[in-house]
Amino acid sequence: VYVEKKPEFAIKAKDLKHEIKHYLNIQTVTNVRELIRYDVENISDETYEKACKVVFAEPPVDICYQEDFPRAEGARVFSVEFLPGQFDQRANSAAECIQIISKGERPTVRTAKVYMLKGSLSAEQLSEIKKYVINPVEAREATLEEFDTLKVDYEIPTEVAVLDGFNQMNEEQLAAFL
């Protein structure tokens with residue numbers, strides 16, 4: 001599900017366009033759209049329909065797109081998601097709300113922000129915008145492809161490097177270690 005604020009309520013998109021033009025000095029961007037992508041697994045069709053109206057979107061201010069959203073010709077699109085291990089408040093809240101609606105198991109929910117930039121942009125300018133939008137400490141660029149499953153298996157390291165004698169190192173040894 002993709003959710004976008006109606007144009008009159010799209011304050012964040014308008015702010016980002018202003019920042020791109022004035023902070024990054026990229027004048028060729030003519031329009032910016034920001035959407036929230038919700039990927040949901042393990043819910044019934046009935047619960048999904050309810051969630052589209054009361055969890056993912058607020059009908060008076062949001063537009064809700066199923067499966068995909070309309071894209072302007074020539075627009076550049078990229079998405080941003082939290083890094084694995086970072087807490088995603090939006091996904092957690094959506095999962096809780098869906099669980100309340102369904103009165104059943106908590107579904108798996110992942111979210112991402114999707115940006116659509118219209119205007120003439122070089123690869124360098126797009127890269128600069130991505131660098132501005134994506135905080136590498138907490139987020140990364142996400143795929144725009146549909147997921148087969150939201151379940152993610154992480155390898156748990158079996159061996160962890162141990163540095164013996166660190167506390168006893170003198171300044172010269174610490175400098176060499178650095």
Side-chain angles (χ1 to χ4, degrees), residues 1-20 29-118 126 129-157:
V1 175
Y2 292 88
V3 178
E4 178 180 25
K5 294 288 180 203
K6 291 180 179 177
E8 59 270 26
F9 300 106
I11 306 302
K12 287 185 179 180
K14 290 174 188 168
D15 287 348
L16 181 57
K17 179 183 171 189
H18 176 83
E19 291 168 10
I20 291 169
V29 172
T30 57
N31 190 30
V32 174
R33 290 173 58 194
E34 180 182 300
L35 300 95
I36 304 298
R37 184 184 75 207
Y38 292 92
D39 297 300
V40 186
E41 195 170 65
N42 300 326
I43 64 171
S44 68
D45 290 343
E46 180 185 334
T47 302
Y48 172 78
E49 290 301 323
K50 285 181 188 174
C52 284
K53 294 179 182 122
V54 297
V55 176
F56 304 134
E58 297 176 70
V61 297
D62 293 325
I63 303 167
C64 189
Y65 303 104
Q66 309 290 323
E67 301 297 322
D68 205 358
F69 61 96
R71 301 167 195 229
E73 189 177 323
R76 302 289 191 91
V77 179
F78 67 96
S79 65
V80 180
E81 67 182 357
F82 281 108
L83 289 170
Q86 287 287 356
F87 181 68
D88 184 348
Q89 179 68 51
R90 179 177 277 121
N92 185 62
S93 296
E96 284 180 4
C97 291
I98 293 168
Q99 183 178 19
I100 290 169
I101 289 171
S102 69
K103 299 179 182 116
E105 293 291 315
R106 181 182 278 209
T108 304
V109 179
R110 287 178 56 186
T111 68
K113 285 187 181 180
V114 179
Y115 297 93
M116 186 170 77
L117 309 169
K118 193 171 178 192
L126 181 61
I129 292 169
K130 286 180 181 181
K131 187 177 174 184
Y132 181 77
V133 170
I134 302 171
N135 178 352
V137 172
E138 65 180 14
R140 65 183 177 190
E141 188 167 356
T143 182
L144 293 168
E145 304 300 316
E146 192 173 316
F147 295 104
D148 290 331
T149 181
L150 298 180
K151 184 174 173 58
V152 180
D153 291 322
Y154 297 106
E155 266 189 53
I156 299 172

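Residues take their numbers from the sequence shown, with the count starting at 1.
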Value for NZ (K118) from CD (E73), rounded to nearest 0.5 Å, stands at 9.0 Å
Here the gap from N42 atom CG to R106 atom CZ, rounded to the nearest 0.5 Å, amounts to 13.0 Å
Which of I36, L35, I63, V61 passes side chain to side chain contact (heavy atoms under 4.5 Å, CB included) with K5? Answer is V61
- Under the side-chain contact (heavy atoms from CB on, under 4.5 Å) criterion, do V114 and F69 qualify, and how do the steps go? CA-CA 10 Å; V114 179; F69 61 96; 3.8 Å; yes
Check your understanding: More than 12 non-hydrogen atoms from neighbouring residues, nucleotides or ligands closer than 6.0 Å to CD on Q66, yes or no?
Key -> yes
To the nearest 0.5 Å, atom CZ of F9 lies from atom CG of D62 at 9.0 Å
In this structure, CZ of R71 is separated from CZ of R76 (nearest 0.5 Å) by 13.5 Å
Quiz item: Is there side-chain contact between Y115 and I129, with heavy atoms separated by less than 4.5 Å?
Solution: no
For this session: Check whether any side-chain N or O of K17 sits under 3.5 Å from a backbone N or O of R33 as a donor-acceptor pair, and report yes or no.
Result: no
CD1 (I134) and CD (E81) are apart, to the nearest 0.5 Å, by 10.0 Å
Nearest heavy-atom contact between L83 and P136 is CD1-O, 3.5 Å
| said: Just checking E58: does its CD atom have more than 12 heavy atoms from other residues, nucleotides or ligands closer to it than 6.0 angstrom? | reply: no
Criterion side-chain contact (heavy atoms from CB on, under 4.5 Å) on L117 and I20, from CA distance to verdict | CA-CA 10 Å; L117 309 169; I20 291 169; 4.1 Å; yes
Next on the checklist: Is it the case that over 12 heavy atoms from other parts of the model lie below 6.0 angstrom from the NZ atom of K12?
Outcome noted: no
Note to self: Taking CD in E105 as the centre, count heavy atoms belonging to other residues, nucleotides or ligands within less than 6.0 Å. Is the count above 12?
What the structure shows: no
Heavy-atom nearest pair, I98 first then P107, reads CG2-CG, 3.5 Å
Notebook entry, point to check: Above 12 or not: heavy atoms from other molecules or residues under 6.0 Å from CG of D68?
Noted result: yes
### Message
Taking the side chain as everything from C-beta on, heavy atoms only, tell me whether R140 gets closer than 4.5 Å to P84.
### Response
yes
Rounded to the nearest 0.5 Å, the NZ atom of K14 sits from the CG atom of N31 at a distance of 10.0 Å
Treating N92 as the side-chain partner and D88 as the backbone partner, does any N or O pair qualify as donor plus acceptor under 3.5 Å? no
* Answer whether the closest heavy-atom distance between the side chains of V1 and C52 falls below 4.5 Å. => yes
The test is side-chain contact (heavy atoms from CB on, under 4.5 Å); show your working for R90 and K113 and say whether it passes. CA-CA 11 Å; R90 179 177 277 121; K113 285 187 181 180; 4.1 Å; yes
Original post:
Hey, is NZ on K130 packed in by over 12 heavy atoms from elsewhere, all under 6.0 Å?
Top reply: yes
>> Donor-acceptor check, side chain of T108 to backbone of E41, threshold 3.5 angstrom: yes or no?
In response: no
Only residue of Y65, F56, Y48, Y2 satisfying ring-ring contact (aromatic ring centres under 6.0 Å, His included) with Y38 is F56
#### Entry: Check: S79 side chain, L144 main-chain N or O, donor-acceptor pair, under 3.5 Å
no
